[in-house]
Amino acid sequence: MHTLIAAVAVVGTLGLIDGVAADPISLEVALERAGRRASVESSRMEVDEARAYARGAAMPLYNPELSAAAGPQFGPDVSLQAQIGLQQPIERGGKRAARTKVADLAAHGAELASRGEVLRARVETWRAFERSLVLRERLETQRQVEALAQSLVTAMQKSAAAGGTTKLRVNLVVADAGRATQERIAAENALATARAALATAIGAAPRDVVEPAGEVVVPPSGAVDALVERALREHPSALALESEVAGARARVADADARGVVDVTLGVSYAYAPDPDGANVVLAMFSVPLGVRNRNQGARDAARIAVKRAELERGHMRTEIERGVRLAAENLERARAAVGAFDREVSETLTDNLAAAQDAFAKGGMDLVELTTTQRELVASRVAFLDAKLALIETWADLALAAGLEVMP
């Protein structure tokens, strides 16, 4: 019995044992690095690209055209004639202003998309950071459980060898130890996945292993109606809807402008040396006859696109509000779930397990009661950590839906 008591009492909180060294990182540094990850930089390049197109759209569409011609004049005598001309097509119908506005709105849309990508990068980083902290606690718990299970196996095997217990009870604790090992491995996998997600979120190198340093902190959220108003007023996706409607309307003006025919003005000079030398200066004016194609198809399509953009805007605003309200409700439920746990019990697992083992050593409980008590304490701890994970997930969902700023 003393051997059993001594073996069961061996409990230690084990640290992380990883195959590679991890680099500690604070939330502030992680969020700063998230703002430089590839997807964010790519979105900024898209903004620069759209602005370059906007600058190009503001330029005149046509360049002046210089022409020259020379050739023989046939008649009684063959003589050489030469001609030089300069022509300039003139845009009409406000084409330049119309296409510039379309390009400017496209650049504005790219800016909104970039803001949305920054928001997504910061929220994903916060989520992975906080999840890693909680999953590290869960791994430590599972390792502690595994150590308890293995020590109990050793004690029971020694007791069975001395005739103090049955083979069936030994088999049961061996099976329980196997389950504890499986749960520890699953916890290691979950933590490795969360750390990889954090590395991805901050744009770390493939072999970098980042280890978050700090405490789990879930920011406040605010009143639901205020969150909805904020999302509809400031969220990049909501602003993008307004920009898309404005862009569709601008494309109507652009399509109409393209239906107006342009004119070409020009001047030419011709010289014929024979018989006495002739100089001719001609002014030129030409205009296409817009009797068949006045861009009718594109103009009709542009007006349909406006109606479609307005319809999608109304639908998406409804979905944005629905998403914010659902995320806020889920967050409150998650907070209530975390608050339902006795933190004193959940966060002092080692002390509680030691107290149970002390009671067992003093004869205050038998082996079955000790095992049951340990399982219930561990289950409560794991459930508490699961509730914290759910709280992290729901706050991240709300942050994405309402456009909340993630602060370190």
Side-chain angles (χ1 to χ4, degrees), residues 27 30-31 34 112-113 115-138 141 187 190-191 193-194 197-198 200-201 212 214-244 310-347 379-408:
L27 179 58
L31 291 174
L112 294 173
R115 287 171 53 186
E117 181 57 35
V118 172
L119 170 66
R120 185 161 43 252
R122 291 177 65 86
V123 173
E124 287 176 358
T125 298
W126 179 88
R127 187 204 308 258
F129 189 96
E130 301 294 345
R131 278 181 57 82
S132 296
L133 291 176
V134 175
L135 289 171
R136 185 172 62 198
E137 294 182 54
R138 183 165 185 171
T141 298
L191 177 57
T193 300
L198 177 58
T200 298
E215 301 293 330
V216 177
V217 177
V218 178
S221 54
V224 177
D225 290 340
L227 290 173
V228 170
E229 181 181 352
R230 172 196 175 103
L232 294 177
R233 184 183 66 250
E234 300 179 9
H235 198 288
S237 61
L239 296 176
L241 295 172
E242 299 297 335
S243 179
E244 180 58 32
E310 291 173 343
L311 179 64
E312 291 177 353
R313 178 185 60 182
H315 172 71
M316 290 304 299
R317 285 178 65 87
T318 299
E319 292 304 307
I320 288 173
E321 180 173 354
R322 193 193 320 279
V324 171
R325 293 189 181 279
L326 176 61
E329 291 171 2
N330 289 342
L331 178 62
E332 291 309 309
R333 285 190 281 266
R335 289 190 191 277
V338 172
F341 285 90
D342 187 336
R343 291 176 180 267
E344 186 65 25
V345 174
S346 300
E347 295 183 353
S380 176
R381 171 65 170 169
V382 171
F384 174 63
L385 295 176
D386 285 343
K388 290 174 72 174
L389 288 173
L391 180 60
I392 291 168
E393 291 293 333
T394 53
W395 193 91
D397 290 342
L398 179 60
L400 288 173
L404 298 180
E405 176 58 34
V406 179
M407 300 299 293

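Model, not experiment: these values are computed from the prediction. The figures that follow rest on heavy atoms only: side chains count, while hydrogens, waters and symmetry mates do not.
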Are any non-hydrogen side-chain atoms of [X] and [Y] less than 4.5 angstrom apart?
X    : Y    : result
R138 : D386 : yes
E130 : K388 : no
P219 : L404 : no
L385 : F341 : no
L31  : L27  : yes
R335 : E332 : yes
L398 : N330 : no
D397 : L326 : no

Does [X] use its side chain to pair, donor to acceptor, with the backbone of [Y] at less than 3.5 Å?
X    : Y    : value
T394 : A390 : yes
H235 : A240 : no
R313 : E244 : no

Please give me the minimum heavy-atom distance between [X] and [Y], naming the atom from each residue.
X    : Y    : result
W126 : V218 : CZ2-CA, 4.1 Å
S221 : L227 : O-CD2, 3.3 Å
L133 : P212 : CD2-O, 3.6 Å
L112 : P236 : O-CB, 3.5 Å
A396 : V123 : O-CG1, 3.6 Å
A201 : T125 : CB-OG1, 3.3 Å

What's the separation between atom [atom1] in [X] and atom [atom2] in [Y], rounded to the nearest 0.5 Å?
X    : Y    : atom1 : atom2 : result
R230 : E234 : CZ    : CD    : 5.0 Å
F384 : L389 : CZ    : CG    : 10.5 Å
L191 : R131 : CG    : CZ    : 10.0 Å
L241 : M316 : CG    : CE    : 6.0 Å
L232 : L239 : CG    : CG    : 10.0 Å

Please walk me through it: do R120 and E117 pass salt bridge (charged side-chain N to carboxylate O under 4.0 Å, His left out)? CA-CA 5 Å; R120 185 161 43 252; E117 181 57 35; 2.7 Å; yes
For the pair E242 and R317, find out whether any cationic side-chain nitrogen is under 4.0 Å from an anionic carboxylate oxygen. yes
Do D225 and R325 meet the salt-bridge criterion of a basic N to acidic O distance under 4.0 Å? yes
State which residues pass side-chain hydrogen bond (donor to acceptor under 3.5 Å, both in side chains) with E405; sequence neighbours excluded, sorted by chain then number. R122
